[in-house]
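Below, read A as the first sequence line, B as the second, and so on, with proteins coming before strands; counting in each chain starts at 1.
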Number of protein chains: 2
Amino acid sequence: MGAAAQRAAEESEEWAGVTPDAARRLVSAAVEAFAERGYHATTTRDIAGRAGMSPAALYIHYKTKEELLYRISGIGHEKALRIMGAAAEAEGSATDRLRDAVRTFARWHAEHHTTARVIQYELQALSPEHYTEIAGLRRSTDRLLRQIIQDGADSGEFRADDVPGTTLAVLSLCVDVARWFSADGPRTPDEVGALYADLVLRMVGAQ
Amino acid sequence: MGAAAQRAAEESEEWAGVTPDAARRLVSAAVEAFAERGYHATTTRDIAGRAGMSPAALYIHYKTKEELLYRISGIGHEKALRIMGAAAEAEGSATDRLRDAVRTFARWHAEHHTTARVIQYELQALSPEHYTEIAGLRRSTDRLLRQIIQDGADSGEFRADDVPGTTLAVLSLCVDVARWFSADGPRTPDEVGALYADLVLRMVGAQ
DNA sequence: GCCGCCCCTAAGCGCTTGCTCACCAGCCAG
DNA sequence: CTGGCTGGTGAGCAAGCGCTTAGGGGCGGC
């Protein structure tokens with residue numbers, strides 16, 4: 001299976017863990033709607049309509065509209081964390097690991113820009129308890145990236161005077177891909193990943 | 001007047017162009033509310049309340065809630081454009097101009113992070129006509145930054161293989177400051193500006 | 001004194017929102 | 001056949017929304 005075909009399969013299976021089928025259709029419809037108009041501008045009638053159901057059917061599978069956002073945020077942030085974790089735990093120099101981390105992380109935010117937009121920009125709509133939980137996942141992702149950059153600074157591969165600041169900038173750069181990326185635009189997710197990996201390696205003085 | 005005092009004065013005069021006083025208080029209240037909860041989650045009652053008025057008073061000064069967002073977006077984006085323009089039209093090498101552009105642009109997004117958050121992340125709530133108008137201001141800002149980077153690439157100061165892509169990344173980096181910056185955080189706006197100018201100069205291979 | 005003007009408020013209209021409730025079709029086990 | 005369980009529907013409730021309208025207080029000019 002080629003890389004493109006593999007990612008297409010991942011796309012269709014993005015919500016494979018959500019069962020039964022009706023619950024998965026609702027999640028998928030909600031992601032579309034939230035990404036397009038934002039959480040607060042999306043109505044439960046709109047979500048149910050996109051999933052081909054009556055408004056009341058939503059409440060068989062989810063207690064509230066916020067629970068839908070919570071599920072989406074949880075699954076999405078766990079996926080993002082796994083991507084960062086795979087790069088951080090790989091063998092290789094800090095340069096190799098940082099290149100891989102930025103390439104895959106930025107590429108995911110481009111490829112899944114609808115999901116990414118929701119999980120990165122609609123966080124404030126979560127309940128305080130759910131927000132706290134999701135914020136923990138974000139901190140884990142942050143820590144993994146910071147460790148790669150710290151390793152490179154320690155080994156002398158990178159020239160990074162301010163490791164936390166640089167980490168913040170790199171993460172911000174990758175996350176913001178979700179805001180501007182469009183499938184109709186001139187760049188493919190692969191190209192975005194390659195460009196960003198290149199820019200970030202220069203940022204840390206690795207080339 | 002010191003730099004900090006000068007910026008404090010700018011802060012209080014951010015909406016000085018809006019008259020009469022009641023209209024200015026409403027704009028100021030709306031920016032706070034929109035930044036905190038988002039446009040759609042903010043009610044006209046909330047805005048009026050923060051401005052110390054009854055809900056109906058809002059409609060004496062603005063035809064709709066959307067018009068408030070439109071005014072805020074217009075003033076904010078014009079300010080951002082002027083900041084970028086001042087750096088672009090200054091004397092000096094491309095390196096000097098890029099450093100200045102990123103430092104002032106990123107600093108503004110930190111210092112005025114409430115306003116910046118509204119104008120950068122609530123654009124989709126504008127009417128189509130207003131959105132088109134504001135998008136023009138954004139394109140102007142983009143062009144100014146791209147020209148600086150192009151100049152540096154042409155003169156050999158920068159090593160930028162993909163000028164539009166690099167421009168996009170730099171702009172994205174600066175704009176996203178508005179999302180994560182907090183006045184309670186460990187960094188001052190000046191420090192963010194200095195850090196980001198440094199990182200971006202490395203990104204384009206100028207150091 | 002009083003008129004006209006500007007700015008504001010109390011009350012509320014029509015509508016949409018998130019969510020509920022009474023009810024029901026299909027299906028599988030006994 | 002029947003009874004219960006799963007997953008659905010149509011109708012609608014209470015609350016909150018953006019916005020309107022009728023009316024009033026204070027102020028300057030005559």
Side-chain angles (χ1 to χ4, degrees), chain A residues 15-73 118 122-131, chain B residues 15-73 118 122-131:
Chain A
W15 309 109
V18 182
T19 54
D21 185 68
R24 181 168 45 249
R25 265 157 50 220
L26 282 165
V27 163
S28 190
V31 169
E32 260 183 56
F34 291 163
E36 214 169 273
R37 308 137 103 95
Y39 175 83
H40 287 292
T42 299
T43 68
T44 54
R45 285 162 178 80
D46 183 22
I47 297 168
R50 285 178 197 241
M53 308 178 198
S54 74
L58 194 153
Y59 293 90
I60 295 165
H61 302 282
Y62 302 96
K63 275 206 295 278
T64 63
K65 175 175 137 181
E66 192 267 350
E67 195 194 328
L68 257 169
L69 179 64
Y70 171 59
R71 294 284 178 93
I72 292 164
S73 293
V118 174
E122 302 292 336
L123 280 177
Q124 54 159 10
L126 289 169
S127 73
E129 308 83 55
H130 287 163
Y131 179 85
Chain B
W15 309 109
V18 183
T19 53
D21 186 67
R24 180 168 48 248
R25 264 158 49 222
L26 283 165
V27 163
S28 191
V31 168
E32 259 184 56
F34 291 163
E36 213 169 274
R37 306 137 104 95
Y39 175 82
H40 287 292
T42 300
T43 69
T44 55
R45 284 162 178 83
D46 182 22
I47 297 169
R50 286 177 196 243
M53 308 180 197
S54 76
L58 194 153
Y59 294 90
I60 295 164
H61 301 282
Y62 302 95
K63 275 205 296 280
T64 63
K65 177 176 135 181
E66 191 267 351
E67 195 192 330
L68 257 169
L69 179 63
Y70 171 59
R71 293 284 178 93
I72 292 164
S73 293
V118 174
E122 303 292 336
L123 281 178
Q124 55 159 10
L126 289 169
S127 73
E129 308 83 55
H130 287 163
Y131 179 85

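As a whole-Å value, the separation of A:Y62 OH from D:dG7 C1' is 14 Å. Between the CG atom of B:D21 and the P atom of C:dC7 there is a distance of 11 Å, rounded to whole Å. In this structure, A:E66 places its CD atom 13 Å from P of C:dG18, rounding to the nearest Å. One atom, CG of B:L68, and another, P of D:dC19, lie 10 Å apart when rounded to the nearest Å. Rounding to whole angstrom units, CZ of residue B:R25 and C1' of C:dC7 are separated by 11 Å. Distance A:D46 CG to C:dG18 P: 10 Å, rounded to the nearest Å. For the pair A:L58 CG and D:dG8 P, the interatomic distance rounds to 11 Å; values are reported in whole Å. What separates CZ of B:R37 from P of D:dG16 is a distance of 13 Å, to the nearest Å.
Under the 3.5 Å distance criterion, the side-chain polar atoms of B:R25 are matched with a main-chain donor or acceptor of B:A51.
Taking for each of A:M53 and B:K63 the nucleotide of DNA chain D with the nearest heavy atom, the 5'-most of the two is the partner of A:M53.
Checking D:dG7, D:dT20, C:dC19 against every side-chain atom of B:A56, the shortest atom distance belongs to D:dT20. The side chain of B:I60 approaches C:dT9 more closely than any other nucleotide in the set C:dT9, C:dG18, D:dG18. Candidate nucleotides D:dG8, D:dG7, D:dC19 were compared by shortest atom distance to the side chain of A:P20, and D:dG7 ranks first.
At least one cation-pi condition fails for A:K65 and A:Y59: the charged atom is not both under 6.0 angstrom from the six-membered ring centre and inside a 45 degree cone around its axis.
Here the CZ-CD1 distance, from B:F34 to B:I72, works out to 5.5 Å after rounding to the nearest 0.5 Å.
Between A:E32 and A:R37, no side-chain nitrogen of the basic residue sits less than 4.0 Å from a carboxylate oxygen of the acidic one, so the salt-bridge criterion is not met. Ion pair A:E36/A:R50 flagged as a salt bridge, since at least one NZ, NE, NH1 or NH2 atom sits closer than 4.0 Å to an Asp/Glu carboxylate oxygen.
Side-chain nitrogen and oxygen atoms of A:S54 include none within less than 4.0 Å of the OP1 or OP2 phosphate oxygen of D:dG8. Contact check, A:H40 against C:dT17: no side-chain N or O comes under 4.0 Å of OP1 or OP2. Close to C:dT20, at under 4.0 Å from its OP1 or OP2, lies no side-chain N or O of A:Y59.
Remark: the B:R45 side chain and the D:dG16 base include no donor-acceptor N/O pair separated by less than 3.5 Å.
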